[in-house]
Amino acid sequence: MASAKGAALAPPCWDDATLSRAQLIERVWSEGGARYRDLPWRNIDDPYAVLVSEVMLQQTQVARVERYWTRFLGRFPTADALASASASDVLEMWQGLGYNRRALALKRAADACAAHHGGTLPRDLDQLLALPGVGPATAAGVRAFAFQLPGVYIETNVRTVFLHELFPQHQKVADRTLEPFVRDTCPLGRAVGGEGAASPDVRDDPRAWYYALLDYGAYLKSQVQNPSRRSAHYARQSSFEGSHRQKRSFALRLVLDAPEGLSVAEVAMALDAFEQQQGRPAPGLDVASKLVDQLAGEGFFLVDDGLVRPA
DNA sequence: CTCCGGGATC
DNA sequence: GATCCAGGAG
């Protein structure tokens with residue numbers, strides 16, 4: 001008899017699963033529907049606005065994104081508007097949200113949409129994946145939430161539901177293993193290329209389905225120990241205090257506040273003061289210089305003649 | 001695989 | 001103090 005543990009013994013099909021396909025689908029609609037979150041970026045048909053939400057939500061909690069999304073859309077209402085903005089203006093709007101690279105990537109994605117897609121977003125999966133900062137999850141999210149198209153959308157809440165319901169005793173379950181189940185439960189939506197109103201039945205809508213999955217997953221995590229820890233892709237992250245990441249964020253904040261530009265020496269002095277104030281040794285000029293070069297290389301800063309300015 | 005932000009929450 | 005977060009890129 002097969003052991004219940006180990007990724008190799010994952011149920012290969014529904015027949016071996018702890019729950020039938022119909023049972024799982026019913027449970028998701030029921031549990032997710034009962035805990036529906038009426039978030040501002042839901043049930044909107046603006047693909048750009050959906051993209052902004054998806055990128056903001058990458059590794060970032062819903063409660064934090066709520067405060068940023070509305071403000072960001074007010075300032076950059078369209079992909080063209082974002083493409084026309086300066087990187088520093090975008091980064092300023094992003095401050096406090098975290099993972100500042102996402103802001104640069106999102107602006108570059110808007111640039112690409114303005115240049116190659118007439119200021120709109122493509123529906124095609126591969127064209128979405130070609131956009132900076134858009135991976136499998138974000139692309140599937142845009143397709144489901146903006147275009148109501150079916151697909152495989154796997155992120156932490158979706159993992160939570162499938163791991164909890166279908167792999168309760170398994171460890172290190174890969175997304176590759178979940179994929180067929182996720183694909184097989186997503187409704188197909190209306191016919192490809194179809195026009196007009198969406199199907200009157202919400203249960204045919206991939207958008208409503210994934211909302212239900214997200215809401216059920218988010219709820220589950222408040223009830224049981226995070227099932228996503230049993231994902232093969234789960235990884236703890238190093239602490240933030242005293243990290244290189246923290247120095248990056250400090251340097252970015254510093255330079256954004258100095259549109260006229262700073263010398264590398266001035267950046268080094270500010271960083272030294274910050275570190276010492278935190279009870280840590282001063283990193284010194286060498287570290288600050290490498291930090292500036294790195295951030296400049298990623299497009300955060302412009303450096304000319306030893307002067308560091310916001311990009 | 002590691003790196004990337006930053007705050008709420010426990 | 002740890003833990004987590006609608007992930008993506010190198």
Side-chain angles (χ1 to χ4, degrees), chain A residues 32 35-37 39-42 44 49-69 91-106 108-109 128-146 151-162 172 174-175 182 206-207 209-253 256 278 290-291 294-295 297-300:
Chain A
R35 292 162 183 90
Y36 178 76
R37 296 173 290 178
L39 303 165
W41 50 83
R42 286 193 166 184
I44 59 177
V50 170
L51 175 67
V52 172
S53 75
E54 287 298 310
V55 173
M56 286 187 168
L57 286 160
Q58 290 170 2
Q59 289 291 289
T60 306
Q61 268 138 202
V62 166
R64 186 188 312 220
V65 171
E66 286 193 80
R67 292 176 272 123
Y68 281 83
W69 184 83
L91 287 166
E92 186 59 48
M93 280 289 111
W94 205 270
Q95 283 299 287
L97 191 56
Y99 288 151
N100 299 301
R101 294 173 164 172
R102 293 181 298 171
L104 294 179
L106 181 57
R108 289 175 188 139
L128 284 168
L129 289 170
L131 297 173
V134 176
T138 302
V142 168
R143 283 168 57 81
F145 300 134
V152 178
Y153 179 57
I154 298 181
E155 48 67 70
T156 184
N157 292 308
V158 174
R159 280 192 199 103
T160 292
V161 172
F162 283 87
K172 295 185 165 38
D175 286 349
V182 176
R207 170 157 82 183
W209 168 250
Y210 279 118
Y211 287 159
L213 266 177
L214 293 174
D215 293 341
Y216 182 34
Y219 165 73
L220 271 177
K221 281 186 285 194
S222 71
Q223 299 299 305
V224 301
Q225 188 187 55
N226 193 350
S228 283
R229 287 185 182 180
R230 294 188 288 105
S231 166
H233 313 285
Y234 173 79
R236 289 181 53 187
Q237 104 178 23
S238 56
S239 66
F240 180 64
E241 278 304 315
S243 69
H244 187 248
R245 234 162 56 244
Q246 186 180 36
K247 295 181 182 64
R248 283 170 58 101
S249 71
F250 176 83
L252 176 58
R253 178 70 269 172
L256 285 178
Q278 303 291 314
K290 285 184 164 56
L291 189 58
Q294 185 185 39
L295 288 168
E298 291 180 41
F300 289 100

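Here is how names work: the chains are called A, B, and so on, in the same order as the sequence lines, proteins then strands, and each is numbered from 1.
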Assign the ring pair A:Trp41 / A:Trp69 to parallel, tilted or perpendicular, where the plane angle (0 to 90°) is split at 30° and 60°.
->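 Perpendicular.
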
May I ask you to test the A:Phe145-A:Glu54 pair for a side-chain heavy-atom distance under 4.5 Å?
->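 Answer yes - side chains close enough.
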
Nearest heavy-atom neighbours spanning A:Leu128 and A:Ala139 |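 Residues A:Leu128 and A:Ala139, closest heavy atoms: CD1-O, 3.8 Å.
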
Calculate the interatomic distance between [X] atom [atom1] and [N] atom [atom2]; express it in whole Å.
X	N	atom1	atom2	value
A:Leu91	B:dC4	CG	C1'	14 Å
A:Arg236	B:dC3	CZ	P	14 Å
A:Tyr68	B:dG7	OH	C1'	9 Å
A:Leu97	B:dG7	CG	P	10 Å
A:Gln225	B:dC10	CD	P	17 Å
A:Gln223	B:dT9	CD	C1'	16 Å
A:Asn100	B:dG7	CG	C1'	14 Å
A:Phe240	C:dT3	CZ	P	18 Å

Quick one: label A:Gly141 by what it contacts on the DNA or RNA (base, sugar-phosphate, nothing), any heavy atom closer than 4.0 Å.
->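 Here A:Gly141 touches no strand at all.
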
For A:His244, answer base if it contacts any base atom (sugar-phosphate contacts may also be present), sugar-phosphate if it contacts only those atoms, and nothing otherwise; contact means non-hydrogen atoms under 4.0 Å.
->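 Contact class for A:His244: sugar-phosphate only.
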
Which residues pass the salt bridge (Lys or Arg N to Asp or Glu O under 4.0 Å) test with A:Arg207, sequence neighbours left out?
->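 Per chain and number, A:Arg207 pairs via salt bridge (Lys or Arg N to Asp or Glu O under 4.0 Å) with A:Asp45.
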
Taking the [atom1] atom in each of [N] and [M], what is the distance between them to the nearest angstrom?
N	M	atom1	answer
C:dG10	B:dG5	P	14 Å
B:dA8	C:dG8	C1'	24 Å
C:dC4	B:dC4	C1'	15 Å

Is A:Glu298 salt-bridged to A:Arg248, going by a charged N under 4.0 Å from an acidic O?
->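 A:Arg248 and A:Glu298: salt-bridged.
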
Give a yes or no on whether a salt bridge exists between A:Asp215 and A:Arg35, defined as a side-chain N under 4.0 angstrom from a carboxylate O.
->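 Looking at A:Asp215 and A:Arg35, the cut-off is not met.
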
What's the spacing between A:Trp94 CH2 and A:Leu104 CG if we round to 0.5 Å?
->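 The distance works out to 9.5 Å.
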
Most 5' of A:Phe300 and A:Arg67 on DNA chain B, judged by nearest nucleotide =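 Of the two residues, A:Phe300 wins.
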
Readout for nucleotides 5-10 of chain C: B = base within 4.0 Å of protein heavy atom, S = sugar-phosphate only, - = neither; 5' to 3' it is BBBBS-

